[in-house]
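Order of the sequence lines fixes the chain letters, A, B, ..., with proteins taken first and strands second; residue numbering starts at 1 for each chain. Values below: all heavy atoms of this structure, side chains included; hydrogens, waters and symmetry mates excluded.
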Amino acid sequence: MSNFIFGVVSEYLNQLNGSQKAAVCYTDGPSLVIAGAGSGKTRVLTYKIAYLIEKGIHPSAILALTFTNKAAREMKDRISSIVGHELAKRLWMGTFHSIFSRILRAECEVLGFPRDFTIYDAADTKSLLKTIIKERQLDEKVYKPNVVYARISNAKNALITPQAYAANKDLIESDMYAKMPLIKEIYQTYFNRCKQAGAMDFDDLLLYTNILFRDNPSVLEKYRTHFQYILVDEYQDTNFAQHLIVQRLAEQHRNICVVGDDAQSIYSFRGANIDNILTFKNNFPHCKIFKLEQNYRSTQTIVDAANSLIQKNSRQIEKKVFSENEVGHKIEVLNGYSDYEEGYLVANKISEVRMRDHDGFNSFAILYRTNAQSRIFEEALRKRNIPYRIYGGLSFYQRKEIKDVISYFRLCVNPTDEEALKRVINYPTRGIGDTTLNKVLTTASLHNESAWNVICDPLKYALPVNAGTASKLKAFKELIVGFIEESKVLSASDLATLVVKQSGIVADLFQDRSVEGTSKQENLQELLKGIAEFCEIKREEGVENPGLSDFLAEVSLLTDQDNTSEDREDKVTLMTIHAAKGLEFRNVFVVGLEEDLFPSGMSKGNDRAIEEERRLFYVAITRAERLCFITYAKSRFRNGQSNICSPSRFIRDIDPRYLNLPADDFGSLGMQKARESAVSGSSQQKQSRRTLVDRQPLEVPVEHKPNFKKVDQTVDNKLITPEIKGLRPGNRIMHERFGEGRVLAIAGEGTNMKATVEFQSFGQKQLLLKFAKFTIVE
DNA sequence: GGCCGGGGCATTTTT
DNA sequence: TGCCCCGGCC
């Protein structure tokens with residue numbers, strides 16, 4: 001058997017290039033694999049794990065951590081195909097959260113949590129924080145739940161407990177400055193309430209793992225000896241909590257291999273710290289560094305352009321990513337007068353390239369900085385009958401109807417789960433309104449008890465409700481207790497069916513005959529089907545009666561929105577650049593390259609933030625295999641206003657030799673570009689360095705560029721032109737978007753003045769004169 | 001309990 | 001502008 005495996009792995013090893021092979025075969029001792037974009041990172045990780053197994057390491061002694069379920073699944077599948085499913089399934093491979101929730105379930109009693117602790121998702125967390133803020137009668141407009149959540153989350157990721165938070169001068173000062181001095185108390189209350197509910201949020205899974213290892217040396221020792229080899233994917237995205245877990249587990253045997261690309265670190269807002277990868281070699285002295293520098297994905301032009309961009313960042317690990325693919329086409333920079341025209345240009349270009357190169361729609365992706373940008377492209381694509389698929393909506397498990405059902409399941413497994421209780425205590429409606437719920441919650445926190453216990457024994461806690469309400473509460477309690485009893489004998493699948501029927505959910509959903517109602521019914525069916533499949537798989541794996549708690553333990557971390565079934569459809573992909581990380585497309589449009597949009601206005605004046613935005617742009621460009629387009633608009637409708645935009649500084653960060661720039665905005669650069677290629681005429685690295693130096697004088701702030709300023713003035717003038725104020729019915733106008741039209745009526749005054757205009761090709765429109773961009777023809 | 005309308009808000013979001 | 005959330009109303 002093992003000889004057979006040996007043969008297979010060796011064969012695979014021959015497919016690797018020199019540095020890939022070296023990284024795979026260096027197994028003992030710390031190593032850092034810097035994997036440039038498209039350099040076969042996943043290959044190296046999978047072969048390395050296969051190689052370890054082949055060398056005789058038991059798969060269960062290998063811990064492999066990823067950031068997404070998808071990445072873990074794909075890697076596991078690939079390893080299965082090399083070493084076989086029997087061995088591969090023994091690997092500890094999964095996301096940080098899933099692996100450590102598994103460990104926590106086994107060990108959590110020393111932490112004071114029940115084995116079947118609930119995992120609160122972001123919505124649960126936010127809801128609980130809202131409850132706490134309300135209970136304290138704080139103003140939700142000052143203590144915005146999202147902001148409070150972010151601060152608590154950041155604290156947890158930095159392993160700062162509520163006590164440590166309250167003692168931390170900097171944090172307290174910054175809260176005072178933000179006019180939220182009570183965050184420390186909200187954090188403490190939130191922390192206690194989670195524990196009381198037997199719940200951990202996503203961040204807790206990492207925080208409590210650290211606490212577990214810190215306070216229980218024997219437990220740490222157990223896992224240290226167990227996991228003899230540790231591999232971490234996407235190390236540039238780890239936060240402090242994750243970094244420390246890895247450090248603790250690996251510091252003795254030091255068989256740790258981390259893989260990542262500092263140039264693709266784009267999640268600092270989630271607590272990721274690029275320093276983890278930049279300083280890894282300091283934490284593990286004598287660490288061996290491998291650099292995967294050959295890009296197999298993109299054309300030389302795309303790789304060179306991306307390199308020239310990322311060179312502008314100061315904080316990075318030196319590397320020379322190169323491609324031996326064809327030179328390819330220059331990156332084409334397109335601009336439109338408005339966001340609307342930008343959409344139109346992209347849609348046109350897709351049609352054009354598709355006809356010319358016979359590419360399918362699914363070879364195209366439109367990548368943007370913010371979700372709000374998608375609309376305009378949807379419109380443009382729809383007009384041209386181009387099929388598209390947009391990523392980034394609500395995932396299946398975040399839908400209300402699914403969360404409601406899951407909440408019943410959660411109560412069956414852990415009735416103290418306060419968030420689940422809140423969701424379903426009056427769903428379907430059973431006459432337990434907000435007033436009663438608030439009484440229950442207040443009484444509970446007064447007695448330092450879970451809400452469930454108050455409902456179970458209202459007299460003991462002197463719950464102030466009348467007889468009618470008391471009986472309704474009792475009925476609810478008995479419903480849940482009945483489910484809990486059944487859960488002792490029924491499988492997850494059978495119990496789920498029982499719950500949706502007896503709770504009245506089925507009756508409630510199926511009386512709704514609307515489109516949304518039907519979709520909810522389908523989603524419910526889908527969920528039940530999923531549970532049935534789950535039970536089947538578990539039974540095949542030898543679990544006799546897979547219960548709801550087994551299902552919940554897995555499903556609460558499955559927020560993946562990978563609908564694999566639809567992947568093959570021939571549609572253009574629309575997504576944020578963040579969502580596109582790790583993916584590749586033959587043809588990529590990176591859109592909205594404007595100051596204050598990309599780089600985001602939020603990162604202004606913060607060098608670290610600007611560098612991250614630049615990395616984001618790097619990620620975007622390196623998604624392209626063959627053609628890459630960059631677009632921007634000169635004006636954009638945002639937040640209810642039309643804004644004048646200047647092209648992003650990032651466009652000028654790319655060596656112009658790799659760009660086809662539009663003449664109007666980049667006239668001087670275009671000229672320079674022509675001169676340079678006439679002089680050099682070669683594409684050697686040294687030449688490109690010199691070009692960068694020569695180009696320095698052009699690196700001046702946008703404000704100083706006369707050609708940008710000119711654009712500003714034209715449109716500004718247009719907005720305040722007095723003649724527009726004197727617009728009358730009967731006037732003919734020329735509108736930037738809608739073309740020629742006739743004014744039918746004027747209404748309103750001052751800034752609210754509106755005109756009704758009949759356009760030749762767009763029909764009747766209401767224009768708010770404050771925003772409308774048009775000129776009067778007659 | 002559900003519907004409507006005003007007010008506030010408006011990056012990115014692997015788990 | 002458009003979405004979401006809340007409060008007021010039926």
Side-chain angles (χ1 to χ4, degrees), chain A residues 65-73 94-101 119-126 130 134 140-141 144-147 149-150 153 156-157 200-206 233-234 236-239 241-242 264-272 339 367-373 375-376 391-395 397-398 426-434 508 512 554-562 575-583 592 596-604 609 612-613 615-617 619-620 636-643 766-768 770-772:
Chain A
L65 298 165
T66 64
F67 273 84
T68 64
N69 294 304
K70 199 173 154 210
R73 205 180 316 124
T95 63
F96 273 92
H97 292 84
S98 72
I99 294 285
F100 294 111
S101 71
I119 296 173
Y120 276 175
D121 69 10
D124 296 320
T125 299
K126 218 174 113 182
K130 261 190 185 171
K134 272 190 195 149
E140 265 191 74
K141 297 198 174 87
K144 292 180 198 151
N146 275 326
V147 176
Y149 183 13
S153 176
K156 286 184 176 176
N157 290 155
M200 293 195 195
D201 66 20
F202 289 141
D203 303 316
D204 283 334
L205 295 174
L206 304 173
D233 191 15
E234 307 277 18
Q236 76 282 355
D237 289 336
T238 51
N239 60 35
Q242 291 161 328
Q264 294 185 63
S265 166
I266 55 172
Y267 279 105
S268 74
F269 67 93
R270 301 266 295 115
D339 43 0
L367 307 180
Y368 34 80
R369 177 68 244 264
T370 68
N371 283 307
Q373 288 166 261
R375 283 181 58 116
I376 216 125
Y391 287 75
L394 272 192
S395 85
Y397 292 102
Q398 290 173 333
N426 201 29
Y427 174 79
T429 29
R430 49 174 71 88
I432 306 176
D434 281 351
D508 180 73
D512 185 348
E554 286 197 17
V555 93
S556 46
L557 292 169
L558 275 191
T559 50
D560 242 3
Q561 25 190 312
D562 52 330
M575 54 169 60
T576 62
I577 302 167
H578 282 94
K581 194 174 153 214
L583 305 178
D596 288 345
L597 178 60
F598 196 9
S600 153
M602 305 278 192
S603 54
K604 250 188 196 155
E612 175 149 326
E613 296 278 316
R615 290 193 293 270
L616 193 57
F617 190 32
V619 167
R636 177 176 300 275
F637 218 79
R638 265 217 295 173
N639 303 345
Q641 279 183 65
S642 177
N643 295 302
Q766 291 268 341
L767 302 178
L768 202 49
K770 183 170 58 159
F771 300 135

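Evaluation of A:Tyr267 against the base of B:dT12 yields no stacking contact (centre distance < 5.5 Å, interplanar angle < 30° required).
A:Phe617 has its CZ atom 16 Å from the C1' atom of B:dT12, to the nearest Å. We find that CG of A:Leu558 is positioned 19 Å from P of B:dT13, with the value rounded to whole Å. Distance NZ (A:Lys134) to P (C:dC5): 11 Å, rounded to an integer number of Å. Computed from coordinates, the A:Gln641 CD to C:dT1 C1' distance equals 10 Å when rounded to whole Å. Rounded to an integer number of Å, the gap from A:Arg73 CZ to B:dT14 P is 14 Å. Rounded to whole Å, atom P of B:dT14 lies 19 Å from atom CD1 of A:Ile99. In this entry the distance linking NZ of A:Lys144 with C1' of C:dC5 reads 14 Å, nearest Å. If you take OH of A:Tyr397 and C1' of B:dT13, they are 19 Å apart, rounded to a whole angstrom.
By the rule that a glycosidic angle within 90° of 0 means syn, B:dT11 counts as syn.
Listed nucleotides: B:dT11, B:dT14, B:dT15. Nearest to the side chain of A:Glu613: B:dT11. The nucleotide whose nearest atom lies closest to any side-chain atom of A:Thr68 is, among B:dT15, B:dT11, C:dC6, B:dT15. The side chain of A:Asn371 has B:dT12 as its nearest neighbour among B:dT14, B:dT12, B:dG8. The side chain of A:His97 sits closest to B:dT15 out of B:dT15, B:dC9, B:dT12. Side-chain proximity of A:Arg369 to the nucleotides B:dT15, B:dT11, B:dT13 is greatest for B:dT11. Proximity note for A:Thr95 (side chain, C-beta onward) versus B:dT15, B:dT13, C:dG2: the nearest is B:dT15. Of all nucleotides listed (B:dT13, B:dG8, B:dT15), B:dT13 comes nearest to the side chain of A:Thr576.
For the OP1/OP2 pair of C:dC3 and a distance below 4.0 Å, the side-chain nitrogens and oxygens of A:Arg375 include at least one atom meeting the criterion. Between A:Asn426 and B:dG1, a side-chain N or O to OP1/OP2 separation shorter than 4.0 Å is present. A close approach under 4.0 Å does occur between a side-chain nitrogen or oxygen of A:Lys130 and OP1 or OP2 of C:dC6. Dashed line: the shortest gap from a side-chain N or O of A:Asn69 to OP1 or OP2 of B:dT14 is not under 4.0 Å.
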Run A:Tyr391 and A:Thr576 through side chain to side chain contact (heavy atoms under 4.5 Å, CB included) and show every step you take. CA-CA 8 Å; A:Tyr391 287 75; A:Thr576 62; over 6 Å; no
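No side-chain donor from either of A:Ser98 and A:Ser101 sits under 3.5 Å from a side-chain acceptor of the other.
Of the P atoms belonging to B:dT12 and C:dC5, the separation is 15 Å, rounded to the nearest Å.
Ionic pairing of A:Asp237 and A:Arg270 is not present here: no N-O contact between side-chain nitrogen and carboxylate oxygen is shorter than 4.0 angstrom. A:Asp201 and A:Lys156 are joined by a salt bridge, as a carboxylate oxygen and a charged side-chain nitrogen come within less than 4.0 angstrom of each other.
A:Ser600 meets the side chain to side chain contact (heavy atoms under 4.5 Å, CB included) test with A:Arg369, A:Met602, A:Ser603, A:Glu613; sequence neighbours excluded.
Each of A:Lys581 and A:Gly433 was assigned the nucleotide of DNA chain B with the nearest heavy atom; the assignment lying further toward the 5' end belongs to A:Gly433.
Residues A:Ser153 and A:Asp203 share a closest heavy-atom pair of OG-OD2, 2.8 Å.
Among the atoms of the strands shown, only primed sugar atoms or phosphate atoms (P, OP1, OP2) are found under 4.0 Å from some heavy atom of A:Thr429.
Side-chain atoms of A:Arg638 and base atoms of C:dT1 include no donor and acceptor less than 3.5 Å apart.
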